Amino acid sequence: MQFWLAQVMNGLSFGALLFLLSSGLTLIFGLLRIVNIAHGSYYLLGAYVALTVAKATGQFWLAALAGAAAVGAVGIVMQRGFLARLYRQEQAQVLLTMGFSFVFADLALWIWGGDPQRIPAPSVAAGSIAVGPIFFPLYRLAVILVGALVAVFLWLLIEKTRLGAIVRAAVDDQEMARGLGINVEPILTGMFAVGAALAGFGGVMGGPFLGVYPGVDSDVLPLAFAVVIIGGLGSLKGALVGSLLVGLLDNFGKALFPELSYFTLFVPMAIVLAIKPTGLFGRA
Amino acid sequence: MSPRARLLLGVVLLAVMLALPQAVPVYFTHLIILAMIYGIVAMSLDLLLGFTGLTSFGHAAYFGVAAYAVGVLSTRLHAHSLVAMAGGVAAAVVVAMIYGLLAIRATGVYFLIITLALGMGTWGLAYRWVSITGGDNGLPGIPALNVGLPWSMRDPVNLYYFIALVFLLAVFAAYRFVVSPFGLTLRGIRESESRMRLLGYNVWLHKYIAFVVAAAFAGLAGTLYAFYNGFVAPTDLQLSASAEAVLMVILGGAGTLFGPVIGAALVVFLRNLVSAYTQRWLLILGTVFILTVIYAPRGVLGGARALWDRVRPRVRPEAPPLPAGGVAVPGGQRSDPSKG
């Protein structure tokens, strides 16, 4: 019982982290049809920038803000400067973002070195708390809380605001939205930046328990892809359900079949694809 | 090119290939071996990317599965080299038959992302399934290739000749494949799937077969690589290996079949020359990706062909459209790499 409870909590907190990562990925895909390979790099860059800021100031939340903002800025440059030129050329966009992911990985290695590091957890969330019979790290609970807050925020933003209505219009039919006089370009850039910043923020949140190291980008990227494929490309609801599913599957997979842990993720993905190629909540 | 000029070019190329390992330092022989192995990979990916219009971002999976199969068969089970090679290609084919069922139903960017994810999953298997694959440490100690000839395949020059033979056979087979009625049908699918469906072709089956054939070629390259390298590791099938294969195809020109071989040689030589001077290969590779996409989206051969088409006086009319029934046209269709 203790084992299962601990695994469920671990899975949920990892799922919350994955949601920060995959909500940006799915948002960017839904709006711009860009399969962003550099999304893992955003996670990496956000974590490293926050690490530097946290070391200099000792302020976790300031570091988190800096990490998210820096990566958001990187996203704006990539979208405006490069991806906008390759509108609807999916293959070229994938190659471009792949190139950026190599550049970012090597630059990070150059600047921050190859040793694994850890962002210190904020002092409010240090220590652990008794949940029934087990002691659970407070920080992981904080990650679940933050993930839930971000989910609620995104839902309110997309469903309840004028901006969200414009975004939904642009997802459904971009040409029609343009035809109605909506200036879509700033929306696209803005949402790309939001998606990138969310991934960067994910890197910061993951920093205290997963650590920051060269290669963390390619460790988290497949998980984020599994989430959006299971949940459905472009769907925020899908990203949420997929994140929790993948978070739990990954934890139970690691605990029960350590050797096949990575593959246990891809079996449900294959099953979903076989039954519904567009994912649980995706539209063709 | 007239048939005579083509024959002459072939003879000259063959002579160069025969003479090369005698003329260049051993270091370059190694690089040419790698260029031929990755040339087969890039060429096989071009069958999908350039000729069928399917952008696969998981092609390294089949290369890697075959290489691992060779590793397991020859180190654990002490199988004969040729048995191990056959087993490697068979493993790649089986994996492609499963993955193809999942991926071929999807089109466009969905196909891309599904192949990408399947490739990542295969990498994960190689990385974590330690008892079979050795995990991060890989599978070392693959013995030298033994094809029953009196020459030792430990010697890179002898190995060169064997791999060159396989390479030429593979190029010939791939060429026959793309100019066959089946290959022409694939190009028809690339241009317009709905039209081909209307003409009564089973589009799904054609794509599926192309997918498996491409994987078989990649698997063949993987078996050669395992024997050449003597060692297989998860990095051989990771996402960046798949992406590099796509880069080779784009760099050489998608839909030109031979272009990707040149693209592969460019990447192999660049990597080794750059690595001699700096640790920052990844930075340079990333920059090559970005520059290629922005400045040379049709690749070296594709760009050269476009230039040639512009310079050459127009004496021949445009190639006739694909006939109904998928009958091969002598000389084949002129492919348009920009639509790859």
Side-chain angles (χ1 to χ4, degrees), chain A residues 29 33-35 37-38 40-41 82 85-86 88-107 109-110 214 218-219 221-226 228-230 233 253-254 257-267 269-274 277-279 282 284, chain B residues 49 53 55 57 98-99 101-114 116-133 135 238-240 242-244 246-247 249-251 254 279-294 297 338 340:
Chain A
F29 180 85
R33 298 269 140 177
I34 291 172
V35 180
I37 306 290
S41 316
F82 296 90
R85 293 173 176 217
L86 302 169
R88 294 268 153 151
Q89 300 174 38
E90 283 118 4
Q91 184 186 303
Q93 288 171 339
V94 174
L95 280 174
L96 187 84
T97 55
M98 179 77 68
F100 272 105
S101 78
F102 289 164
V103 169
F104 290 146
D106 213 30
L107 283 179
L109 182 65
W110 204 351
S218 44
D219 280 356
L221 189 67
L223 300 175
F225 271 108
V228 294
I229 290 177
I230 290 174
L233 286 156
K254 273 180 185 155
F257 323 97
E259 289 229 304
L260 299 175
S261 61
Y262 221 81
F263 209 64
T264 50
L265 278 183
F266 288 88
V267 173
M269 189 187 87
I271 294 170
V272 169
L273 280 179
T278 50
Chain B
L49 210 152
T55 308
F57 261 83
I98 298 167
Y99 286 5
L101 285 177
L102 295 169
I104 296 292
R105 290 175 63 187
T107 52
V109 71
Y110 292 93
F111 175 82
L112 187 158
I113 201 168
I114 289 167
L116 188 134
L118 290 169
M120 284 171 166
T122 316
W123 168 81
L125 202 59
Y127 185 58
R128 295 270 174 81
W129 200 4
V130 180
S131 55
I132 298 288
T133 64
Q238 67 191 4
L239 174 61
S240 59
S242 291
E244 255 180 58
V246 177
L247 177 73
V249 175
I250 304 289
L251 209 53
Q279 299 265 308
R280 303 259 82 91
W281 160 245
L282 212 53
L283 194 66
I284 290 166
L285 180 68
T287 313
V288 170
F289 267 86
I290 295 167
L291 293 179
T292 305
V293 167
I294 294 194
S338 66

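Here is the naming used below: chain letters follow the sequence lines, and residue numbers restart at 1 for every chain. Everything numeric here is computed off the predicted structure, so don't read it as measured data. Only heavy atoms go into these numbers, but all of them, side chains included; no hydrogens, no water, no symmetry mates.
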Under 4.5 Å heavy-atom distance to chain B, tell me which part of A/Phe29 shows up: side chain, backbone, both or neither.
-> side chain
Based on non-hydrogen pairs under 4.5 Å, which of B/Ser131, B/Ala243, B/Ala106 is most in contact with chain A?
-> B/Ser131
Non-hydrogen atoms of chain B under 4.5 Å away: do they reach the side chain of A/Ile229, the backbone, both or neither?
-> side chain
With only heavy atoms counted, which part of B/Leu116 is less than 4.5 Å from chain A, the side chain, the backbone, both or neither?
-> side chain
Which heavy atom of A/Phe102 sits nearest a heavy atom of B/Leu282, and at what distance?
-> CB-O, 3.6 Å
If one checks every heavy atom of B/Thr107 against chain A at 4.5 Å, the contacting part turns out to be neither
Side chains of B/Phe57 and A/Val35: closer than 4.5 Å at any heavy-atom pair?
-> no
So CG of A/Asp219 and CE of B/Met120: to nearest 0.5 Å the spacing works out to 10.5 Å
Rounded to the nearest 0.5 Å, how far apart are CZ of B/Phe289 and OG of A/Ser101?
-> 8.0 Å
Sort B/Ala117 into side chain, backbone, both or neither according to what part of it lies under 4.5 angstrom from a heavy atom of chain A.
-> both
Chain A contact via B/Arg105 - side chain, backbone, both or neither, heavy atoms under 4.5 Å = side chain
Which portion of B/Tyr127 sits near chain A, non-hydrogen atoms under 4.5 angstrom | neither
4.5 Å side-chain heavy-atom contact, A/Gln91 and B/Ile250 = yes
Portion of A/Phe100 that has a non-hydrogen atom of chain B nearer than 4.5 angstrom = both
Contact part of A/Val103 toward chain B, heavy-atom cut-off under 4.5 Å: side chain, backbone, both or neither?
-> both
Using a 4.5 Å cut-off on heavy atoms from C-beta on, say whether the side chain of A/Leu233 contacts that of B/Val109.
-> no
Close side-chain approach of B/Ile284 and A/Asp106, heavy atoms under 4.5 Å = no
Honestly, the part of B/Ile113 sitting under 4.5 Å from a heavy atom of chain A is both
So do the side chains of A/Leu221 and B/Leu239 get within less than 4.5 Å of each other, counting heavy atoms only?
-> yes
Chain B heavy atoms under 4.5 Å from A/Ala226: which part of the residue, side chain, backbone, both or neither?
-> neither
Which atoms of B/Leu112 approach chain A - backbone, side chain, both or neither, heavy atom under 4.5 Å | side chain
A/Phe82 versus B/Val293: any side-chain heavy-atom pair under 4.5 Å?
-> no
Any idea which of A/Val94, A/Leu86, A/Leu109 has the most non-hydrogen atom pairs under 4.5 angstrom with chain B?
-> A/Val94
